[in-house]
Amino acid sequence: DGCGHLVTYQDSGTMTSKNYPGTYPNHTVCEKTITVPKGKRLILRLGDLDIESQTCASDYLLFTSSSDQYGPYCGSMTVPRELLLNTSEVTVRFESGSHISGRGFLLTYASSDHPDLITCLERASHYLKTEYSKFCPAGCRDVAGDISGNMVDGYRDTSLLCKAAIHAGIIADELGGQISVLQRKGISRYEGILANGVLSRDGSLSDKRFLFTSNGCSRSLSLDPDGQIRASSSWQSVNESGDQVHWSPGQARLQDQGPSWASGDSSSNHKPREWLEIDLGEKKKITGIRTTGSTQSNFNFYVKSFVMNFKNNNSKWKTYKGIVNNEEKVFQGNSNFRDPVQNNFIPPIVARYVRVVPQTWHQRIALKVELIGCQITQGNDSLVWRKTSQSTSVSTKKEDETITRPVPSEETSPGVNITTVAIPLVLLVVLVFAGMGIFAAFRKKKKKGSPYGPAEAQKTDCWKQMKYPFARHQSAEFTISYDNEKEMTQKLDLITSDMAG
């Protein structure tokens with residue numbers, strides 16, 4: 001088998017020769033058929049081709065479809081970097097004979113829905129535009145090549161684009177996806193972190209850096225240590241002074257100083273049964289998690305891998321699964337007691353309760369966590385505010401944006417009633433004084449009849465004016481109407497009737 005790295009999804013994938021980017025082995029054959037959905041055309045992009053043979057007799061790369069043949073390619077011949085095929089299926093054949101050197105090949109593919117396909121080897125330094133969008137294929141995470149930086153400060157422009165996008169949680173390696181890139185001025189130092197199975201390295205000063213635009217659902221979800229965090233067990237240790245130290249679940253917040261949560265069981269040969277549970281108070285959209293170990297140098301405890309369980313009110317616990325194989329997804333945890341590690345959930349978890357269930361650990365289970373996500377707003381499966389009638393509407397600027405405007409509640413409704421009643425009362429007083437002035441003027445003139453019409457008509461018109469003293473104009477930014485509007489109007493009518501009488 002001469003095939004190397006191979007990751008395929010419905011409409012994209014990545015494929016390399018064996019040992020890539022090292023020397024491919026002698027006398028091997030790699031043959032694979034790749035497909036995209038029927039009705040689509042295949043796009044092939046060669047990121048690298050380095051085959052020693054100049055004649056293509058025994059070492060070559062060949063693409064064959066039902067009606068066409070592309071290649072063979074080898075040696076120093078000019079090879080098209082992109083092929084747009086008139087088919088949705090092609091067979092890739094790579095054959096090697098005796099040779100001394102050669103990396104072989106790296107190939108990416110996608111359907112014609114993604115004409116902006118790039119390979120796993122593209123770097124931000126290859127592009128001059130300050131903003132651009134590209135499509136990354138599935139399978140770029142494990143391709144050789146460095147990245148420097150992180151999702152907050154940005155990445156050094158020498159970093160691989162698609163690998164950085166996986167690191168930042170913009171796309172999942174098994175799916176691929178669209179990325180939107182912003183190029184900015186570089187910074188003096190780039191801090192590395194392990195995230196989503198990709199280790200980013202510390203980097204030095206660069207002229208340029210890049211960041212990814214995202215949906216904005218990447219804020220820290222605040223955790224209350226009192227009652228919001230529970231655990232299956234906790235550990236008590238004794239310090240040098242002989243005092244007990246309680247490693248309680250309330251100490252599991254990443255931003256807090258001091259020891260973490262640690263489980264009461266330190267054995268490593270039993271089935272995973274310990275857990276740390278977080279209650280977010282309401283259903284939220286959770287897009288990722290950051291974890292550390294004990295954070296204490298004299299306690300080298302950390303969780304090496306874990307799975308995620310979640311549930312909502314009155315529902316059963318569910319295990320987070322991968323999209324491609326629909327199997328329980330095991331996340332890569334920490335490799336020491338100190339450094340934070342991030343994992344993103346693609347697709348996100350939408351739940352109130354989540355559990356981190358350690359699978360493997362070093363010496364003893366110890367965890368500090370920070371959940372990443374946002375409130376659920378319009379545009380998601382669930383809404384923070386549900387419409388109760390056609391007159392109720394809430395407009396938000398965009399999905400995943402946290403709305404900070406106050407939401408009226410039962411406690412604030414009396415204030416609304418007072419305001420609604422006070423305005424007509426002021427208008428009523430003004431109208432009474434105006435009427436008295438007009439009446440005095442007519443008595444002076446001693447004229448019969450009234451140019452203003454019968455008293456009943458005046459009273460009716462006055463009522464119309466007082467009943468709706470102002471017109472309500474809906475705001476496009478934020479409008480809330482109440483279901484008890486009729487009741488409020490009836491109360492207003494009674495008050496103004498009594499005062500008029």
Side-chain angles (χ1 to χ4, degrees), residues 150 167 191-202 220-280 286 288-310 317 319-320 328-345 353-372:
N150 57 71
H167 182 270
E191 186 177 343
I193 183 178
L194 176 62
N196 299 304
V198 178
L199 179 61
S200 146
R201 302 183 183 278
D202 291 346
S220 174
L221 297 175
S222 60
L223 307 178
D224 183 357
D226 299 326
Q228 253 190 319
I229 307 176
R230 302 191 309 126
S232 52
S233 67
S234 59
W235 182 50
Q236 286 189 342
S237 65
V238 180
N239 62 19
E240 295 175 352
S241 305
D243 299 324
Q244 282 197 338
V245 179
H246 193 191
W247 299 61
S248 65
Q251 296 165 217
R253 298 193 305 175
L254 188 64
Q255 65 268 35
D256 288 352
Q257 299 296 319
S260 66
W261 163 71
S263 72
D265 191 347
S266 62
S267 61
S268 57
N269 55 359
H270 69 283
K271 292 183 180 180
R273 64 187 180 203
E274 301 286 343
W275 46 261
L276 181 71
E277 180 182 315
I278 299 164
D279 176 7
L280 291 170
I286 308 159
I289 185 172
R290 295 189 187 100
T291 61
T292 67
S294 70
T295 67
Q296 307 299 299
S297 58
N298 52 338
F299 296 96
N300 191 23
F301 307 153
Y302 55 91
V303 173
K304 297 193 284 187
S305 65
F306 61 91
V307 299
M308 294 296 298
N309 292 344
F310 62 95
W317 287 102
T319 301
Y320 188 85
E328 179 180 87
K329 185 162 185 175
V330 180
F331 294 92
Q332 181 177 347
N334 299 87
S335 56
N336 58 51
F337 69 89
R338 179 189 60 248
D339 298 326
V341 170
Q342 178 165 326
N343 283 280
N344 288 84
F345 307 131
Y353 303 93
V354 293
R355 276 184 180 177
V356 183
V357 185
Q359 302 295 293
T360 57
W361 52 90
H362 181 72
Q363 294 187 13
R364 181 185 293 273
I365 293 172
L367 265 180
K368 285 192 175 187
V369 301
E370 179 184 30
L371 294 178
I372 305 162

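Only heavy atoms go into these numbers, but all of them, side chains included; no hydrogens, no water, no symmetry mates. If you read the sequence from its start, that first residue is 1, and numbering goes on from there.
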Under 3.5 Å, side chain of Asn343 to main-chain N/O of Gln332, donor-acceptor pair present? yes
Mind listing the closest non-hydrogen atom pair of His246 and Gln236 along with its distance? CD2-CG, 3.6 Å
Does Gln296 use its side chain to pair, donor to acceptor, with the backbone of Gly258 at less than 3.5 Å? yes
Please confirm whether Trp361 and Phe306 have ring centers closer than 6.0 angstrom. no
Excluding sequence neighbours, so at least two apart, what forms ring pair (Phe, Tyr, Trp, His ring centres under 6.0 Å) with Tyr320? Phe331, Phe345
Can you tell me if Gln257 has over 12 outside heavy atoms packed within less than 6.0 Å of its CD? no
Looking only at the side chains, is there a donor atom on one of Ser237 and Trp247 sitting less than 3.5 Å from an acceptor on the other? yes
Pair Val354-Asn309, side-chain contact (heavy atoms from CB on, under 4.5 Å): steps then yes or no: CA-CA 6 Å; Val354 293; Asn309 292 344; over 6 Å; no
Any donor-acceptor pair under 3.5 Å linking the side chain of Ser294 with the backbone of Phe299? yes
Applying side chain to side chain contact (heavy atoms under 4.5 Å, CB included), name anything that partners Ser232, two or more places apart in sequence or on another chain. Glu274, Trp275
Which pairs count as salt bridge (charged side-chain N to carboxylate O under 4.0 Å, His left out) when at least one residue sits in residues 191-201, sequence neighbours excluded? Asp146-Arg201
Let's go through Tyr353 and Glu277 carefully: what are the C-alpha distance in whole Å and the side-chain angles of both, what is the deciding distance for side-chain contact (heavy atoms from CB on, under 4.5 Å) to 0.1 Å, and is it a yes or a no? CA-CA 7 Å; Tyr353 303 93; Glu277 180 182 315; 3.9 Å; yes
Sequence neighbours excluded, the answer for side chain to side chain donor-acceptor pair (under 3.5 Å) partners of Thr360 is Ser305
Does any non-hydrogen side-chain atom of Asp339 lie less than 4.5 Å from one of Thr292? no
Who pairs with Trp261 by ring pair (Phe, Tyr, Trp, His ring centres under 6.0 Å), at least two apart in sequence or on another chain? none
Look up atom OG1 in Thr295 and atom CZ in Arg338, then write down how far apart they are to the nearest 0.5 Å. 10.5 Å
For Gln342, check side chain to side chain contact (heavy atoms under 4.5 Å, CB included) against everything at least two apart and list the hits. Met151, Ala195, Arg290, Asn344, Ile372
Only counting residues at least two apart or in another chain, list the ones meeting side chain to side chain contact (heavy atoms under 4.5 Å, CB included) with Ser222. none
Distance (rounded to the nearest 0.5 Å) between Met308 CE and Glu328 CD: 12.0 Å
Do Val238 and Asp243 come close enough that some side-chain heavy atom pair is under 4.5 Å? no
For the backbone of Gln359 and the side chain of Lys304, can you confirm whether one donor and one acceptor N or O come within less than 3.5 Å of each other? no
Is a side-chain N or O of Asn196 found less than 3.5 angstrom from the main chain of Val198, in a donor-acceptor match? no
For Ile193, which residues count as a side chain to side chain contact (heavy atoms under 4.5 Å, CB included) partner, sequence neighbours excluded? Asn150, His167, Pro340
Salt bridge (charged side-chain N to carboxylate O under 4.0 Å, His left out) partners for Asp202, two or more places apart: Arg189
Applying side chain to side chain donor-acceptor pair (under 3.5 Å), name anything that partners Thr291, two or more places apart in sequence or on another chain. Asn334
Quick check: closest heavy atoms across Gly250 and Asp256, and the distance to 0.1 Å? O-OD2, 4.3 Å
Could you list the residues that satisfy side chain to side chain donor-acceptor pair (under 3.5 Å) with Ser248, not counting sequence neighbours? Gln251
The side chain to side chain donor-acceptor pair (under 3.5 Å) partners of Lys329 (sequence neighbours excluded) come to Glu174
Looking at every non-hydrogen atom in both residues, tell me the closest pair between Pro249 and Ser234 and how far apart they are. CD-CB, 4.1 Å
Distance (rounded to the nearest 0.5 Å) between Asp279 CG and Ile229 CD1: 10.0 Å
Side-chain touch Ser297/Phe337, heavy atoms, less than 4.5 angstrom: yes
Ile289 versus Glu370: any side-chain heavy-atom pair under 4.5 Å? no
Reported OH-to-OG distance for the pair Tyr302 and Ser335, which is rounded to 0.5 angstrom: 6.5 Å
Are Arg355 and Trp317 side-chain neighbours, meaning at least one heavy-atom pair lies under 4.5 Å? yes
dist His362:NE2 -> Asn336:CG (nearest 0.5 Å) comes out at 10.0 Å
Looking at every non-hydrogen atom in both residues, tell me the closest pair between Gly333 and Leu194 and how far apart they are. O-CD2, 4.0 Å
